[in-house]
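Data first, discussion second: the structure below is written as structure tokens.
All values reported here derive from a predicted model rather than from experimental measurement. First the proteins, then the strands, lettered A, B, ... as listed; each starts at 1. Below, all heavy atoms of this structure are taken into account, side chains as well, without hydrogens, waters or symmetry copies.
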Amino acid sequence: MAHSINSGFSAWLRRDLLLAYRRRGEAASPLVFFVMVSTLIPLGLTPESARLAEVAAGMIWVMALLATLLSVEGLFASDYQDGSLEQLLITPQLLPMPLLGKITAHWLTTGLPLTLVSPLLGVMLSLPAAGYLPMLCSLALGTACLSLTGAVGAALTVSLRKGGLLLSLLVMPLYMPVLIFGTATVNFAVDGLNWLPPLAILGALFAASVALCPLAAAGALRLTSAN
Amino acid sequence: MSWQWFHRLGSPRWFYQSSARWLPWLSLATAVVLLSGLIWGLAIAPEDAKQGNSFRIIYIHVPASFLALAGYYIMATAGAVGLIWKMKLSYMVMKSAAPIGAALTFIALFTGAIWGKPTWGTYWVWDARITSMLILLFLYLGVMALQYAYHSADVASKAGAILGLVGTVNIPIIYKSVDWWYTLHQPATIKFTSAPSMHPDMFQPLLVMIIGFYLFYAVALILHTRSEILRRERKTSWVRDLLNTKKQAKADKQAGES
């Protein structure tokens with residue numbers, strides 16, 4: 001039994017990573033979005049580095065949140081269209097495990113690249129040096145929470161034609177704690193405070209999401225994909 | 001035997017017929033409590049020493065905020081009951097509770113803004129409680145939008161119930177994190193901690209208003225649920241019979257008048 005649970009996880013993880021590798025252009029678009037929006041901020045706000053530094057942490061976090069929100073819609077969409085989602089629903093494995101595999105693949109292809117690119121944006125928005133390591137840590141944990149929570153919303157809206165807008169409405173309020181503690185981690189570090197407590201809370205949010213979100217997403221998928 | 005009432009609850013028809021009997025009494029009680037609370041609060045209660053008459057808006061603002069939050073839990077509980085025991089009626093209650101709760105949240109935000117202008121000199125501040133209420137409004141809107149997005153009433157109900165449950169898990173987390181965020185960024189000029197202990201003369205009418213709002217909520221929820229029952233059960237024989245007898249009675253009345 002344990003073997004079949006794990007195989008469901010790793011098989012779908014491998015499959016989704018392979019699919020993402022074959023459609024590299026599509027997979028790169030959240031990343032391009034993330035980098036491009038950062039050009040808008042100095043244009044819209046100010047090019048002065050002192051003032052940019054004040055808002056850098058929050059801006060990077062908001063952009064990462066929006067980029068994840070844009071990409072999470074596609075988590076189940078193509079599987080629903082080509083019918084492989086129905087194949088997934090009738091597999092003998094417990095449904096949350098394959099879903100966790102898919103969500104992990106999603107994080108590896110969006111959240112992780114966003115995290116790795118964020119220092120570049122930090123330089124562009126003149127983030128103070130103390131903020132880089134906390135930003136990497138908080139984004140790595142936080143984007144995983146965003147992928148997990150977003151999966152529940154994506155599962156609830158998968159069979160709707162205009163699911164994307166609705167998905168943002170459903171998921172946005174649930175993203176707020178992650179945003180609060182993510183920016184707090186970076187700002188604490190910039191202000192010279194101990195930034196581990198907010199990061200620990202992000203970790204707690206992550207642990208809760210790993211435990212609960214695949215279950216909720218599985219329940220939602222069984223319901224909506226039959227529609 | 002002892003579980004009979006519970007099984008009866010599964011029948012929308014039973015609910016429709018029995019609620020018709022006691023709804024007038026409940027409405028009457030609501031009107032009496034709300035009117036007496038309003039008169040007591042707006043006319044008889046003493047003026048506030050600092051805020052003058054403008055404080056009287058709390059007699060609307062505070063009960064509305066109470067019910068806005070309680071309404072989310074009522075909605076989510078109804079959805080959970082539907083998911084667990086597969087009760088049609090509780091899904092109808094859930095669907096009806098969403099717009100009522102959203103309206104109350106909006107009223108709480110709106111009256112808060114009106115109250116904020118004379119007291120703090122601004123309609124809007126990013127205070128912890130206001131921000132939480134705004135997020136609560138978004139959560140309500142999400143549940144409503146999801147319900148309207150599906151054509152099949154069954155899928156819409158279950159999807160709404162799942163979202164309601166996810167929201168229930170998240171509300172304490174959101175509230176705590178917004179609270180924490182606010183204490184971190186608290187602006188020094190505006191002090192808005194909990195109201196200093198109220199004088200009993202001001203507090204008693206508030207209590208009456210809270211009870212009145214609970215009653216009002218119950219009446220609104222029952223009325224909304226009754227119309228939802230008729231809408232969803234419109235193809236069943238008992239709703240058709242009901243309509244036919246109503247039509248018959250109307251025709252008889254017109255015949256008698258002419």
Take atom [atom1] of [X] as the centre, draw a 6.0 Å sphere, and report whether it contains more than 12 heavy atoms from other residues, nucleotides or ligands.
X: B:Phe216; atom1: CZ; result: no
X: A:Glu26; atom1: CD; result: no
X: A:Leu196; atom1: CG; result: yes
X: B:Phe66; atom1: CZ; result: no

What distance do [X] atom [atom1] and [Y] atom [atom2] have between them, rounded to the nearest 0.5 Å?
X: A:Ser209; Y: B:Asn170; atom1: OG; atom2: CG; answer: 8.0 Å
X: B:Lys176; Y: A:Ile201; atom1: NZ; atom2: CD1; answer: 11.5 Å
X: A:Met176; Y: B:Phe138; atom1: CE; atom2: CZ; answer: 6.0 Å

Heavy-atom pair with the smallest gap, counting every atom of [X] and [Y]:
X: A:Pro177; Y: B:Ile174; value: CG-CG1, 3.7 Å
X: A:Thr224; Y: B:Tyr150; value: CG2-OH, 3.0 Å
X: A:Leu169; Y: B:Ala145; value: CD2-CB, 3.8 Å
X: B:Ile135; Y: A:Pro173; value: CG2-CB, 3.8 Å

Item to check | side chain to side chain contact (heavy atoms under 4.5 Å, CB included) between A:Thr157 and B:Leu146, worked out | outcome: CA-CA 8 Å; A:Thr157 54; B:Leu146 191 65; 4.2 Å; yes
Checklist entry - In terms of heavy-atom proximity below 4.5 Å to chain A, should B:Val169 be classed as side chain, backbone, both, or neither? => result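 For B:Val169, the contact with chain A is made by the side chain alone.
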Checklist entry - Side chain, backbone, both or neither: which part of A:Thr149 has a heavy atom under 4.5 Å from chain B? => result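 A:Thr149 has no heavy atom closer than 4.5 Å to chain B.
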Next on the checklist: Please classify the contact of A:Phe188 with chain B as side chain, backbone, both or neither, using a heavy-atom distance under 4.5 Å.
Outcome noted: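 For A:Phe188, the side chain is the part near chain B, not the backbone.
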Next on the checklist: Does A:Phe181 form a ring pair (Phe, Tyr, Trp, His ring centres under 6.0 Å) with B:Trp180? I'd like the steps, not just the answer.
Outcome noted: CA-CA 9 Å; A:Phe181 290 106; B:Trp180 183 84; 4.9 Å; yes
Item to check | Residue from A:Leu156, A:Leu170, A:Val171, A:Leu174 passing side chain to side chain contact (heavy atoms under 4.5 Å, CB included) with B:Val166 | outcome: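 Only match with B:Val166 under side chain to side chain contact (heavy atoms under 4.5 Å, CB included): A:Leu174.
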